[in-house]
Amino acid sequence: MATRRVAALAGAALLMGIGGGARSTERLGIGRPATQTEIAAWNIDIDRDGRKLPPGSGSVAQGRAVFETQCASCHGSRGEGGAGERLVGGQGTLASAKPIKTVGSFWPYAPTLFDYIRRAMPLNAPQSLGDSDVYAVSAYVLHLNGLVPDDATLDAKSLAAIRMPNRDGFVSDPRPDVKP
Amino acid sequence: MSQDDPKENPSARRRFLAQGAAAAAGILAGGGAPGHGRADEAAPPGIPDWTKAPGADVGSQTYGQPSRFESGIIRNVPKGLKQYISASSRTPLQELDGILTPNGLFYERHHGGIPDIHPARHRLLVHGLVETPLVLTLDDIRRFPSESRIHFLECSGNPGFEAIKAGRTASDLVGLVSCAEWTGVRLATVLREAGLKPEARWVVAEGADAAAMTRSIPIEKCLDDALLVYSQNGERLRPQQGYPLRVLLPGFEGNMSVKWLRRLNVTTEPAFSREETAKYTDLMPDGTARQFTFVMEAKSIITRPSGTQRIAPGFHEITGLAWSGRGKIRGVQVSVDSGTTWQDAALQEPVLTRALTRFRLPWTWDGQPTTIASRAIDETGYVQPSFGDLTSIRGLNSFYHNNAVVPWRIAASGEVANGYA
């Protein structure tokens, strides 16, 4: 079976070598092709425009309940912070001497919030929340920041449509910027 | 101790008396240090105990450890944090020589703890804009042509802009840098195996840790000097450095060299993950934040004499480390007169691209209070800035990429302290 795989890859490499550019030549026949099922199970990347957001939806009210049991012990009931980071407030402080960087004041894209909660939160049990709970917690955190109303329900489309206050706050790297 | 004392140990006393003339001659000739009036059996003319009986058996340590007398040379772990799942520990730079960091003292920065990964069960998935998405085992990855290179890794916030006033030791200040010889396969080789599609511009790397750490790497870096590494200083990666597989991006902020690598997603755009938007972006005084600030700019620090050490008047070799994410170190200048004049330090060969470089300068301290400092110049001509020059542009809230000169203040007592404190 392994031999057949290698032979198949070698054949593919030959075809690529003829038809493809420099980037797709010189295959060594190492590894095996991944199936679409395998890729779908592991690929949890969400882009900034939310085009890769999954099905499902969650309301602010649901999110408040999930947040209370899963998040509040570190982030505080209202996202004010504790052992975990502050999630709320700080809008208008970024240019001050004491900037407060939160989801509401600093994060440029709402879909990134879904991505991060789904992949890494809660800290003690990451990837334990279902997609609808992740939508719900995202909705609650955005609501605490005044970015969605109390009766909001978010899904792929409505989460992607949220314009974060600091969306245009990022610039590219100009270094070297300090002259001796 | 009493066995070494001729007053209490008759045989030691006899030896001491018999060899007294030779010993006195040695002291007069400069062979003895002041204050060594008490005879130490291990020092001449005595013969140490460890010479007079066999030592421990071969193989008594099947994985060797440092001498028990070096048990204080350990990672610098901050005390009293709210949690240690997402935290860092620092290399004790002031205790080390040369340019290679022992694997057990390599700095740590984890965002979801240190996973305990079984190498036979670990997989790397390469997908996205490739001709053939691949699943690779560790055995597969070790079959690729391999390469070994010496490079530093440095955490982006080393230290934060405010923390520069609080650190006491060289480790406190810039201990989030370490250097190793890494072995692995070029990332370009693995991507070529999957077959990059022409529209590929970024590769999103993801860790198998509980943070599922995600960073986007520009394709130019992936096809240049990026490695996927499985070994560090000759042995397999330590769990703290990403066992069994990590990305290694020479000269880029350490966070991008994703540890415990399990997935590479080839894309047209960055992921804009939390770690490249909310974190690892540099907030400027005008409220904008710089994004994708990858390169760690040239930096240096004197590790000896350094903070909390105490020196006596007389000769000292000033030594330290310099490095640049843009290439080789061209030179290091040292000031021993509070920045009034600067002189060139000697660089220890080899001077390698994107590696720690050891510098040295002989110096005789006259006992007067002063401040010593080093500044690095890299092969692009870039000069390491003072903290004042750096913050005049970037303010005090950008947190990341602080590469300012570190001055050490030396008091009349010989105590060395942070020149910013």
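A, B, ... follow the sequence lines: proteins, then strands. Residue 1 opens every chain. Note that the structure is a prediction, hence the values are computed from the model and not measured.
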_Just by distance, no angles: are the side chains of A:Arg119 and B:Ser273 close enough, under 3.5 Å, to form a donor-acceptor pair?_
no
*Rounded distance [0.5 Å steps], CG in A:Asn43 versus NE2 in B:His127*: 4.0 Å
*Of the backbone (N, CA, C, O) and the side chain (C-beta and beyond), which part of B:Val190 lies under 4.5 Å from a heavy atom of chain A, both, or neither?*
neither
*If you measure from CG on B:Asp389 to NZ on A:Lys179, what distance do you get to the nearest 0.5 Å?*
11.5 Å
_Engaged part of A:Pro176 at the chain B interface, taking heavy atoms whose separation is under 4.5 Å_ = both
*So what's closer than 4.5 Å to chain A heavy atoms on B:Arg263: side chain, backbone, both or neither?*
side chain
*asked:* How long is the straight-line distance from CD of B:Gln291 back to CZ of A:Phe170, given to the nearest 0.5 Å?
replied: 5.5 Å
*asked:* If you count heavy-atom pairs within less than 4.5 Å of chain A, which of B:Gln384, B:Arg123, B:Arg394 leads?
replied: B:Arg394
*Counting distance only, does the side-chain N/O of B:Lys82 pair as donor-acceptor with the main-chain N or O of A:Gly84 below 3.5 Å?*
no
*What pair of heavy atoms forms the shortest contact from A:Gly31 to B:Leu136, and how long is it?*
CA-CD2, 3.5 Å
*asked:* Only pairs of heavy atoms separated by less than 4.5 Å count here; which of B:Ile393, B:Thr288, B:Thr281, B:Thr293 has the most with chain A?
replied: B:Thr293
*Under 4.5 Å from any heavy atom of chain B - which part of A:Asp45*: both
*Under 4.5 Å heavy-atom distance to chain B, tell me which part of A:Ala97 shows up: side chain, backbone, both or neither.*
backbone
*asked:* Out of B:Gly113, B:Ser386, B:Ala212, B:Ala289, return the one with the most heavy atom pairs under 4.5 angstrom to chain A.
replied: B:Ala289
*Is the closest basic N to carboxylate O distance between A:Arg32 and B:Asp140 below 4.0 Å?*
no
*Of all of B:Gly112, B:Ala271, B:Ala210, which one pairs up most often with chain A through heavy atoms under 4.5 Å apart?*
B:Ala210
_Counting heavy-atom pairs closer than 4.5 Å to chain B, which one of A:Ala125, A:Pro126, A:Ser96 comes out on top?_
A:Pro126
_Minimum heavy-atom distance between A:Val178 and B:Pro385, given as atom pair plus value_ = CG1-CB, 3.6 Å
_Contacting moiety of A:Thr35, where chain B heavy atoms sit under 4.5 Å_ = neither
*Hey, could you give me the CD1/CG distance between B:Ile85 and A:Leu123, rounded to the nearest 0.5 Å?*
4.0 Å
_Taking A:Glu85 first and then B:Lys279, would you say they form a salt bridge - that is, a charged N and a carboxylate O separated by under 4.0 Å?_
yes
*Heavy-atom contact with chain A under 4.5 Å, split by part of B:Arg326*: side chain
_Gap separating the CG atom of A:Leu28 from the CZ atom of B:Phe144, nearest 0.5 angstrom_ = 6.0 Å
*What's the spacing between A:Phe106 CZ and B:Leu283 CG if we round to 0.5 Å?*
5.5 Å
_Region of B:Phe292 that comes under 4.5 Å of a non-hydrogen atom in chain A_ = backbone
*asked:* For A:Ile30, is there any backbone N or O sitting under 3.5 Å from a side-chain donor or acceptor partner on B:Glu193?
replied: yes
*Go through the atoms of A:Trp42 and report whether side chain, backbone, both or neither lie under 4.5 Å from a heavy atom of chain B.*
both
*Which of the residues B:Gly128, B:Ser86, B:Ala188, B:Ala194 is involved in the greatest number of heavy-atom pairs with chain A at under 4.5 angstrom?*
B:Ala194
*For the residue pair A:Arg175 and B:His401, establish whether any side-chain heavy-atom pair is separated by less than 4.5 Å.*
yes
*Pick whichever of A:Pro174, A:Ser172, A:Pro108 has the most heavy-atom pairs under 4.5 Å with chain B.*
A:Pro174
_Flag, side chain of A:Thr112 to backbone of B:Phe272, donor-acceptor distance under 3.5 Å_ = yes
*Under 4.5 Å heavy-atom distance to chain B, tell me which part of A:Ile44 shows up: side chain, backbone, both or neither.*
both
*Answer whether the closest heavy-atom distance between the side chains of B:Glu131 and A:Arg27 falls below 4.5 Å.*
yes
